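Please read the structure below before turning to the comments.
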Number of protein chains: 2
Amino acid sequence: MAGKKKDIIDLSSTLPDIWRMLTDAEREILRSSARIVHFKKNELLYLEDDTPKDLMCLFSGKVKILKSGVGGRSQIIRIIRPVQYFGYRAYFARENYVTAAMAFESCTVCMIPMELIEKFLRRNGNLALFFIQMLSVDLGIADQRVVNLTQKHVRGRLAESLLALKESYGLEEDGATINIYLAREDLASLSNMTTSNAIRTLSNFVNERIIAIDGRKIKIIDEERLHKISRMG
Amino acid sequence: MAGKKKDIIDLSSTLPDIWRMLTDAEREILRSSARIVHFKKNELLYLEDDTPKDLMCLFSGKVKILKSGVGGRSQIIRIIRPVQYFGYRAYFARENYVTAAMAFESCTVCMIPMELIEKFLRRNGNLALFFIQMLSVDLGIADQRVVNLTQKHVRGRLAESLLALKESYGLEEDGATINIYLAREDLASLSNMTTSNAIRTLSNFVNERIIAIDGRKIKIIDEERLHKISRMG
DNA sequence: GTATATTTGTGTTTTAGAACATAGTTCTAT
DNA sequence: ATAGAACTATGTTCTAAAACACAAATATAC
């Protein structure tokens, strides 16, 4: 893990969900234990099989959660946007990480020791419910993802990924271009297909006037059609 | 939902995990609120889009959790064995069910109102952690399942399902026959393949002396080879 | 216990998508 | 600024698994 650097950051505004649920004493402990860490593009935040130690909260930048599969072929399991918490599942399951996390672009992460979080939520029902709810939502998404990735065809999966990227990272000032700079390979890994197929299908979408591409920048022209393709599979 | 019938059951021995974490007063409330319900083979415990109301604990029998996908094609997302808790994710996520639950065979389920569980765990850190841990483990399994179902080939997926069934429901007295009576269609739905492919691959396994089949009963002859096939994909 | 429906088994055809090949283009590091 | 690496694009071939078809065997209902 590289690029550590301590910053002065107002945790009350950057960790709104958790901060709100703590007592003053807990806030003081949190303030002194939390670390702010920077990562450069393509740096790993944690590795598969690492022991989870910290709850992470992405302050800025974009992060992908990866999982390596059969024959080392890795796929993107989910993407993290500011301000989202991540990296805590394995600790709670008493496992080592089964995924890795990598920065799509340079980012800032707040790290809070999981022991602290566990101690807090043991006596704070609201905080416990907060984590229960996050896990429950994520589990629902994971179940949905199983069905989507196994049943939808290439076009449906790619359409879905484009919509998910738009949902997570939003659009640029033009109100149409997805606000992320992504290699075709990443788009493929997110949609569970080969890079060739991502490229081919992307240019089909261009021909059909559903999207427009300028290098890695993708502009959504006909979102309704994208939704339809995603729904139909 | 059909087949309700009240029984006298010793909750302290049938709900060991949760019971152990409660105070006497809470136990009394739980005792008076919990209902025991029977379901016959193929009966639905809950439906997709139902509003979740109860935490369910499977006392006896076998249950499958289903999710309908593209074009109504449904697949088995996970299987429940005694004594496992289920049906609570959607409540915590403040969603309706995105899955359905069906009895593989006749079964007995304990239903506990989720409002009660939420109240208890708000002031009981251990209980909260219990749910956090269950969700965390299940989320890890779901992530693994995404990779397995999308990257492994038919043989690998079927081998994996057979091992999962053995893990969940165990073996019969002969120490080799998987203790579940399952249609090929269910086996296919669990392994994300067509029924034809499940049948075909199953008879390939028979020819290779990896398993033996007698109607719907499957006997594992060479478990090591099954593990290997599952691992290789 | 018999009739009907469902499930199982197997062969054949079709197809989506992977694998491979190769060229042009765009990053990125020095 | 330039060389080398990585990425993008597109055509071609190959293959795993779906789709389809039908007969035989079992289950289930009456």
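Per chain, numbering begins at 1; letters A, B, ... match sequence-line order. Note that this is a predicted model, so its numbers are computed, not measured.
Residues A/Gln144 and A/Asn148 bring a donor and an acceptor atom of their side chains to less than 3.5 Å of each other.
D/dT8 atom P lies 13 Å from atom CG of A/Leu158, rounded to whole Å. As a whole-Å value, the separation of B/Ile199 CD1 from D/dA23 P is 17 Å. If you take CD of B/Glu185 and C1' of C/dA5, they are 14 Å apart, rounded to a whole angstrom. With rounding to whole Å, B/Arg184 atom CZ is found 15 Å from D/dA25 atom P. Atom NZ of B/Lys217 is separated from atom C1' of C/dT8 by 17 Å (rounded to the nearest Å). Atom pair B/Leu202:CG and C/dG9:P shows a separation of 7 Å (rounding to whole Å applied).
By the 30° and 60° cut-offs, the orientation of the rings of A/Phe104 relative to A/Tyr169 is perpendicular.
A/Lys62 pairs in a side-chain contact (heavy atoms from CB on, under 4.5 Å) with only one of the listed residues (A/Asn179, A/Leu165, A/Ile79), which is A/Asn179.
For the pair B/Arg94 and B/Phe92, the cation-pi criterion (under 6.0 Å, within 45° of the ring axis) is not fulfilled.
Partners of A/Ser60 according to the side chain to side chain donor-acceptor pair (under 3.5 Å) rule, which considers only residues two or more places apart in sequence or in another chain, are A/Thr108.
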Produce a footprint string for nucleotides 14-30 of chain C: one letter per nucleotide, 5' end first; B if the base is under 4.0 Å from any protein heavy atom, S if only the sugar-phosphate is, - if neither. ---SSBB------SS--
Pair B/Leu226, B/Lys166 - check side-chain contact (heavy atoms from CB on, under 4.5 Å), show working. CA-CA 12 Å; B/Leu226 223 43; B/Lys166 185 216 144 190; over 6 Å; no
